[in-house]
Amino acid sequence: VVTYNTVIHGLCKEGLAQESLELFRVMKDKQVIPTVFTYNTLIWGLSLNGYDDNARSLFEEMESVGIEPDVVTYTTLVKIMCKLGNLVEAYRFLEATIERGLKPDIVTYNTLMNGLCEMGKATKAMQLLSKMHELGDHFKPDAVSYTTVIGGLCKDGSLDRALLLYVEMISYSIKPDIHIYSSLIHCLSSAGRWEEAMSLLSEMKEKGVMADCVMYTAVIDALCKDGKIQTAGILLDKMLKDGPQPNAITFNTIIDGFVLLNNIQEAEDLLKVMKANGVSPDAVSYNNLFKGYCKCGNTQRALEMLNNMTDEGIKPTIITYGIVLRGLCKENKLELAKSMFDDLKNRGLHPNVVAFNILLDGLCKAKSLEEALELFYKAGEYSVELDIISFNTIIDGCFRSGNLQMASKMFDEISSKGLSPN
RNA sequence: CUUCUGUGGAUCAUCCGG
């Protein structure tokens, strides 16, 4: 059973969720009895690959075959609920853990705090963090806890509160590790606070923590976003020469840096350098190039390369289509955009709210409000959950056509969808 | 503590104003 568990885990990690389910059937056929490890691994792995419903039904299945879920099971479910944005269910699973006589642990709480941060509730996460200190030794926050909350605060723009937490962490004698340093340094440098970023970097070196690829990439990203592409290039050269070796994300970051400066040629050249150094481009590499083509009105080229990338075995993602859809809309090729959006399902992708909003905005700006409204009301058919941006977009569209009445109607609909105007 | 499961750091698309 350990052998099967190990392989199931590996398959899931490689994106082969269907195969792992198949193997699960095989092991049962061969009278190998799954354990709680097997179920935990599958629940985790299925969700990792987007099969959240299957994950949930496996949880029910394990109950019905008499395998007791453990704290790992519940933590995984908390994570899944957080990923789906369902905080209520996440808390319900936390309570269910206790009701079952199990003890949530530090991982459970870290998972929950991470979920809170991803939902933009870093302050709530911070409160939970300080509560953990009061709950006793079993829940003593660790480096993961602090990295999670510090990162969440940074994303919310509360950099200074993040720095205070860093100090607090040190005062609890928790050793900062490379994760915390990367997070803070990325945050500081992205905010233009280079002096502090660099002094933290020296502190890190003094403590004998070596900069890794992620650390370098974080700094490179801040440089690129600030237009300092030449410095980014110097760092890349140093990496290629002395290590740590850059990975696809490092290259993608710089490719995007060139695109931000409308330097498409250099972006394309860097893709070649990437390949020459044995780093395989991925969907993000192409997305970045496509963004560049679309920015200079050459969506056509992106459309052509869409096929190339598939030939290279790289699957376009929903973001790829978002970029191309936006390009088409900007070039007023709305019929093409509409048919591409409709075709997403056939291409094995679920339209999401961002892609939907892109098309909606395109219709609002280019054509009559009518077509936009038609799409808007079809959100349900596409299983797209409207968000506040959808409403902002359509309201703006209403005003563009001078339809104040519809604008007001849409404004009122915001709250009936459980959203609030921002 | 012979092997298997859960948590944290870096890159890409959408709304208004400027």
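Proteins get letters first, then strands, A, B, ... in listed order; numbering begins at 1 in each. In this text the structure is predicted, and so the values were computed from the model without any measurement.
Applying the side-chain contact (heavy atoms from CB on, under 4.5 Å) rule to His350(A) yields no partners; only residues at least two apart in sequence or on another chain are considered. Looking at residues two or more places apart in sequence or on another chain, you find a side chain to side chain donor-acceptor pair (under 3.5 Å) between Ser47(A) and Asp52(A), Lys83(A). Contacts of Lys124(A) classified as side-chain contact (heavy atoms from CB on, under 4.5 Å), with partners at least two apart in sequence or in another chain: Leu116(A), Lys121(A), Gln127(A). For Arg92(A), the side-chain contact (heavy atoms from CB on, under 4.5 Å) partners at least two apart in sequence or on another chain are Glu89(A). When the side chain to side chain donor-acceptor pair (under 3.5 Å) test is applied to Lys228(A), the partners found at least two apart in sequence or on another chain are Asp226(A). In this structure His9(A) satisfies the ring-ring contact (aromatic ring centres under 6.0 Å, His included) test together with Trp44(A), sequence neighbours excluded. By the side chain to side chain donor-acceptor pair (under 3.5 Å) test, Ser183(A) pairs with no residue at all, sequence neighbours left out. Under the side-chain contact (heavy atoms from CB on, under 4.5 Å) criterion, Asp282(A) pairs with Ala248(A), Asn252(A), Val284(A), Ser285(A), sequence neighbours left out. With sequence neighbours left out, Glu304(A) forms a side chain to side chain donor-acceptor pair (under 3.5 Å) with Gln300(A).
Atom-to-atom, CD1 of Ile178(A) to P of rG9(B) comes out at 13 Å; the value is rounded to the nearest Å. If you take CG of Asp142(A) and C1' of rU7(B), they are 8 Å apart, rounded to a whole angstrom. In this structure, Ile220(A) places its CD1 atom 19 Å from P of rG9(B), rounding to the nearest Å. When rounded to the nearest whole Å, the span between CD1 of Ile8(A) and P of rG6(B) equals 13 Å. Atom CG in Leu116(A) sits about 14 Å away from atom C1' in rG8(B), given to the nearest Å. Atom CZ in Phe59(A) sits about 14 Å away from atom C1' in rG6(B), given to the nearest Å. As a whole-Å value, the separation of Ile150(A) CD1 from rU7(B) C1' is 15 Å.
Considering all non-hydrogen atoms of both residues, Ala122(A) and Val149(A) come closest at O-CG1, 4.4 Å.
Within the 4.0 angstrom heavy-atom criterion, no nucleotide atom of any strand lies near Ala222(A). At a threshold of 4.0 angstrom between heavy atoms, the contacts of Thr111(A) are confined to the sugar-phosphate backbone, with no base atom among them. Nucleic acid contact class of Ser183(A) (heavy atoms, under 4.0 Å, all strands): sugar-phosphate only.
Nucleotides rU5(B) and rC1(B) have their P atoms positioned 13 Å apart, rounded to a whole Å.
Taking only distance into account, the side chain of Asp212(A) meets the base of rG9(B) through a donor-acceptor pair shorter than 3.5 Å. Ser182(A) contributes a side-chain N or O that forms a donor-acceptor pair with the base of rG9(B) under 3.5 Å. A donor-acceptor contact under 3.5 Å links the side chain of Thr75(A) to the base of rG6(B). Put simply, the side chain of Asp105(A) and the base of rG6(B) share a donor and an acceptor less than 3.5 Å apart.
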Could you list the protein-to-nucleotides 3-5 of chain B atom pairs, N/O on both sides, closer than 3.5 Å?
{"unit_1": "rC4(B)", "atom_1": "O4'", "unit_2": "Thr6(A)", "atom_2": "OG1", "d": "3.4"}
{"unit_1": "rC4(B)", "atom_1": "O2", "unit_2": "Asn5(A)", "atom_2": "ND2", "d": "2.4"}
{"unit_1": "rU5(B)", "atom_1": "O4'", "unit_2": "Thr41(A)", "atom_2": "OG1", "d": "3.2"}
{"unit_1": "rU5(B)", "atom_1": "O2", "unit_2": "Asn40(A)", "atom_2": "ND2", "d": "2.6"}

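For Tyr74(A) and Phe59(A), the ring centers are positioned less than 6.0 Å apart.
The aromatic rings of Phe341(A) and Tyr382(A) stand perpendicular to each other, their planes meeting at an angle above 60°, with 30° marking the opposite boundary.
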Letter per nucleotide, 5' to 3', of nucleotides 11-18 of chain B [B base touched, S only sugar-phosphate touched, - untouched; heavy atoms, 4.0 Å]: BBBBBS--
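Taking a pair as Watson-Crick or G-U with both hydrogen-bonding distances under 3.5 Å, no stem of three or more pairs touches RNA chain B.
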